[in-house]
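See below for the structure under consideration.
Throughout, protein chains are lettered first and strands after them, A, B, ... in sequence-line order, and every chain is numbered starting at 1.
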Amino acid sequence: MASAPPAPAPAHTAGPSLVDTLFQRSLDDLVKSLRADPSAAGESAAVARALSEIHREIRTPDAATKAVALQKLTYLSSLHFAPVASHPLAFPAIELLASPSLPHKRLAYLAASLSLHPASLSLLPLATHQLHKDLSPSASTATAHRHVSALALQLLGSPAAATAPDLAVHLAHDLVPHLSRGSPRAIAAAARVIAGSPSAAVPILFKPLAACLASPDPRASTAAAAAFCDLSAPPADAAPFLPLAPDLYNLLTTSRSNWALIKVLKLFARLAPLESRLAGRIVDPICQLLTHSSAMSLTFECIRTVLTALPAHDGAVRLAIGKAKELLAAADDPNLRYLGLLALGMLGPAYAMTVNDCRDVIAQSLGDADTNIRREALYLMRGMIDENNIVAIAAMLVSHAAKSDPEFANDVLGAVLAVCGRNVYELVADFDWYASLLADMARTLHCAQGDEIGRQLVDVGLRVRDARPELVSSARSLLIDPALLGNHFLFPVLSAAAWISGEYVDFTKDPLELVEALLQPRTSLLPMSVRAVYIHAVFKVLTFCFSVYVEKLGDSSKEVDVVFNELVIDQTVRGESKVALGSAEEQDIRASTVRKDPFSHASILYMINLIKTTVGPLVECNEVEVQERARSLIGFVHLIRDIQELNERKVADDDKQSRVNELVKTMRTIFCQELGPVSVIAQMKVASPEGLDLNENLAELTDIVSEDDTAPSTSIFFYPRSRDSVQTRDEPALSIGLSSLSEHRKRHGLFYLPTGKTEDEPSDYPHANDTLPSCSNETVSDDELKTVEPVFAGKKSKATKSRPKVVKLDGEDFLSSMIATTNILKEDPLSGALRGVLSGRDAKTSSAQRASDVNSEGMLNKMGTNESSSQQIENLGNHPTSSSRTSTQQNRDKKKGTNPPESDVKELRKHRSSGRSGHRQGKHKHRERSSTQPDIPPQAPVIQDFLL
Amino acid sequence: LSVSCWKKRIPCSNITFLRCCQIHFVLLISRQGKVRLTKWYTPYPQKQRSKVIKEISSLVLSRGPKLCNFVDWQGYRVVYKRYASLYFCMCIDPADNELETLQIIHHYVEILDRYFGNVCELDLIFNFHKAYFILDEILIAGELHESNKKAVLRLVTTQYNEKDKPACTFMCSCEMHYWVALRIGVMIYHDVVE
């Protein structure tokens, strides 16, 4: 079948092949020629030449020539990845398999095992007959047969055989005698064959293989343990191997071979969770091994087995932890230290204290030269953090990040941020400390976590009122440092700092210094979006200072007069000669006098001048954001001058003063209302007011405002305030079809595919601080603020709102998120009532909102939700009157109503797998020959009590 | 035992393979990044093999001397050890025993050393089939099977001494006489031409 036909070749082909034979280059020649020219080009040329030679030579009928050619080809394809044509080795290799000479055979088998892979399997059936012949006892001598069968078994153990089911079917019976002799090769080959085609091979091979486990020959039992260890490896189901437990237990207690013991331990680690009685039996022998073994590999395997599979046996776990700590203490061997850390990482939270004991060693490992060790140490450190030690560990980690290389420093910072920010700062008790820690992190060399730090700075500011003074001082320290302006990773942090110091300007000790920092020359390095935030912060600070100043002078109008007279003077001075103002000396003098009182007349003047000189040029800026902010700031400055002009025209004092007060008050009220965090599902709580048609107007507006409007709610953003104009248009005529469709969707929402769009979401969601068209939102935000704020500093801040959940469509997760949203809805009866009133026009609004999805969807996406959460919104939105508990309950019931099929499927699967294991055991005992049966009736797995 | 149970593949970036042995592959890489030996215990297409080798050699060669011998690579763990100018790398699952794999590497190197007598890179280059043969004796289907060094050595030496025997018998056959005669004839022909 696969024999090389020594048929007489035609004369004209025999000629060249003979010459080839005579002058054939051996493998040594080939290697030398390859090494002669070490350059890549020379090598590839040599390979190409050799390949063309080989292709000619390999077709000769002469076995010796063919063997040498095959050897060369094997060399080239395995080491040089020669770009050879498809399956070049397979065919000649199979031809040579039939050669009577052992060296040729060996070469052929080597070539076959190297070259056969799933793509070349079409050729493997050709070899089946030859393998069969080589495996069955022949007339030749015993030793020759042993060598030949060893080669065949080797091929069967190669990866190709595992993917060639035909081969397994045909050769399974030939393996049995070898298995009964206990040949390790046969055992390995049998394992491969079983893995390749279990349905055909298991009935024939499983029992002899299991018998090898009890074989007195240690080589056979070791090989069998290894084979079963492979067969039960994770993707597979370990349950069918439970009946082997007694033999394995024997091996565990009697074997002297570490190799075998390691395999047995691995098997037990997989079996112990399946059978509760097993753990109790194996724990003693394992502890014995753990205490007495001197081999580190075995010790480590014992530790791993105990920690992963026997967590209930406290004594054994403590012993294992002790050993792991010994590994950790091995100063000279990085491997052991790494494995010690790995072992401690396997511990569950129940043993957090014991890990805490060796905190110093782990902290030391953070500075190790090896990235693996550092990573494991960081992982352990991360798991170790709790409320009590968070301050110490986080500070230690941040100081460590300053010393380590950029990549690891950022890993460390990322870990600290993730742990501290987890579950809305669940672990952080002292927010003053956390605010300064965030600033420290930003100042760390190589810090590239600017986005997250900036986000958390703002987020803490919004959520934790008591942390604001400290946040402001942290922000100040960040803003006044000109060095930070050069690092582009820190721009988000600086943006956040600028926003914080503008928003919470009341806590600033020195507004003047702040304005100087915000307007320092190096701010030109910032990207435009951040500059806009800076300028806006200046606006807020200026408003604040001015209002304080005016209030101070409120009682005596005379003083106000004086102020404005001086202001006038200043303005004229500025107008006449810029040189005077521009001179550095004068500025210095001004600055020194101004420092004393930030709210004095002089300091306000200084501030205004500074703003004029630095922000003035930005009025012409190309960037719309910056230009707008700059213009409004300069406009405000001009407004002040207008008031002076009023003064000049000698208007009555009362009038003027009231004018000033009015202006200051207006500006102050604009900025003093508090911003709160906005949850992703907050949209739902806003009832759309009557007469509001979001459809048409916003569709027109998207071109203009889309980018700015869709900024994430937790970060800084500026809303166009002329919202009212949006609301005035009339409703468009609605098509009946659309409304009935949405009505239907409302009723049978569960049966609709998720559209990925939000249905019930007014795209123009006002912020918590805005005055709103509907009063309901006002109450919501107030309510929440009350619940949010910690009463005293140093207390944990609770989650202000339910966290934006990413809903998974798997039963449990979805239900829990449903419960969470129920709670939120319950808080808000007013908007629910409003919705009830509005429900008559519900169909209209929802269809209108669908068209406004362009805007709202973008907003949602930026908020970090994904399709599923918007789907959640949609689901709830389909029940506009569902704010009362009962209706959501219904909703949940409805959900449940759809769930049963799914859970049924799960159960069915469980039954099936257990049925499979039971079936498998039956096979093992009765040798029933059967393959998969998908419809096995569910039955409890019968595990016989072999051990007891 | 259903088929589906075994056919589950572990997706790992773009490389997927059947999990059915301890060691996925063995690589010998020189310090210059040249491959000296490859042995695959799980099926990889040829294209992926060179990609895998490139990735692993860059990963392993970049590591300093006093670091631990394990590197994580695409969800697997590469256990490597440097002997003279050669890096011996074996790829295992993270759940497997790293120290045991290190011992296997050491075991292999010791046998190579005894067989070749102070083995060097050149030995492996010119006797790559012998290196394969020894590896095949130690590891079968990605598992260690022969932990007895002497047994392996005995087997290898007998096998490669036997190699000459068939060649001798072959020489004696009449076909060989014909072949030798032809060769001499060609040499004479060449002499005449010159």
Open item on the list: Please classify the contact of A:Arg337 with chain B as side chain, backbone, both or neither, using a heavy-atom distance under 4.5 Å.
Closed with: neither
Task: Contacting moiety of A:Arg219, where chain B heavy atoms sit under 4.5 Å - done: side chain
Open item on the list: Could you check whether any side-chain heavy atom of B:Tyr132 comes within less than 4.5 Å of a side-chain heavy atom of A:Arg106, counting everything from C-beta outward?
Closed with: no
Open item on the list: Between A:Arg304 and B:Asp96 (side chain of the first, backbone of the second, donor and acceptor by atom type, cut-off under 3.5 Å), is there such a pair?
Closed with: yes
Open item on the list: Can you tell me which portion of A:Lys32 sits under 4.5 Å from chain B's heavy atoms? Options are side chain, backbone, both or neither.
Closed with: both
- [ ] Work out which heavy atom in A:Lys266 is nearest to a heavy atom in B:Ala95; give both atom names and the distance.
- [x] NZ-O, 2.8 Å
TODO: Check each atom of B:Leu102 against the heavy atoms of chain A and say whether the ones under 4.5 Å are side chain, backbone, both or neither.
DONE: side chain
- [ ] Examine whether an atom of A:Ile187 lies under 4.5 Å from a heavy atom of chain B, and if so say whether it belongs to the side chain, the backbone or both; otherwise answer neither.
- [x] neither
TODO: Please confirm whether the backbone N or O of A:Ile262 pairs with a side-chain atom of B:Asn97, one donor and one acceptor, at under 3.5 Å?
DONE: no
TODO: Flag the one option from A:Asp368, A:Ile373, A:Thr308, A:Leu339 with the top tally of heavy-atom pairs under 4.5 Å to chain B.
DONE: A:Leu339
- [ ] With the side chain counted from C-beta on, respond yes when A:Thr371 and B:Leu67 share a heavy-atom pair under 4.5 Å apart, and no when they do not.
- [x] no
Task: Rounded distance (nearest 0.5 Å) linking atom CG of A:Leu327 with atom CG of B:Leu99 - done: 8.0 Å
TODO: Look at the aromatic rings of B:Phe70 and A:Tyr338 and report parallel, tilted or perpendicular, splitting at 30° and 60°.
DONE: tilted
Task: Non-hydrogen side-chain atoms of B:Glu100 and A:Lys263 separated by less than 4.5 Å - done: yes
Task: Under 4.5 Å from a heavy atom of chain B, the part of A:Leu342 involved - done: side chain
- [ ] Let me know if B:Leu122 has heavy atoms under 4.5 Å from chain A in its side chain, its backbone, both or neither.
- [x] side chain
Task: Side-chain heavy-atom pair A:Phe300, B:Glu98 within 4.5 angstrom cut-off - done: yes
- [ ] Against chain A, label B:Lys34 side chain, backbone, both or neither, depending on which of its atoms sit under 4.5 Å from a heavy atom there.
- [x] side chain
Open item on the list: Using the rule side chain to side chain contact (heavy atoms under 4.5 Å, CB included), only one of A:Asp370, A:Asn335, A:Asn372 pairs with B:Asn69; which is it?
Closed with: A:Asn335
Task: Region of B:Arg63 that comes under 4.5 Å of a non-hydrogen atom in chain A - done: side chain
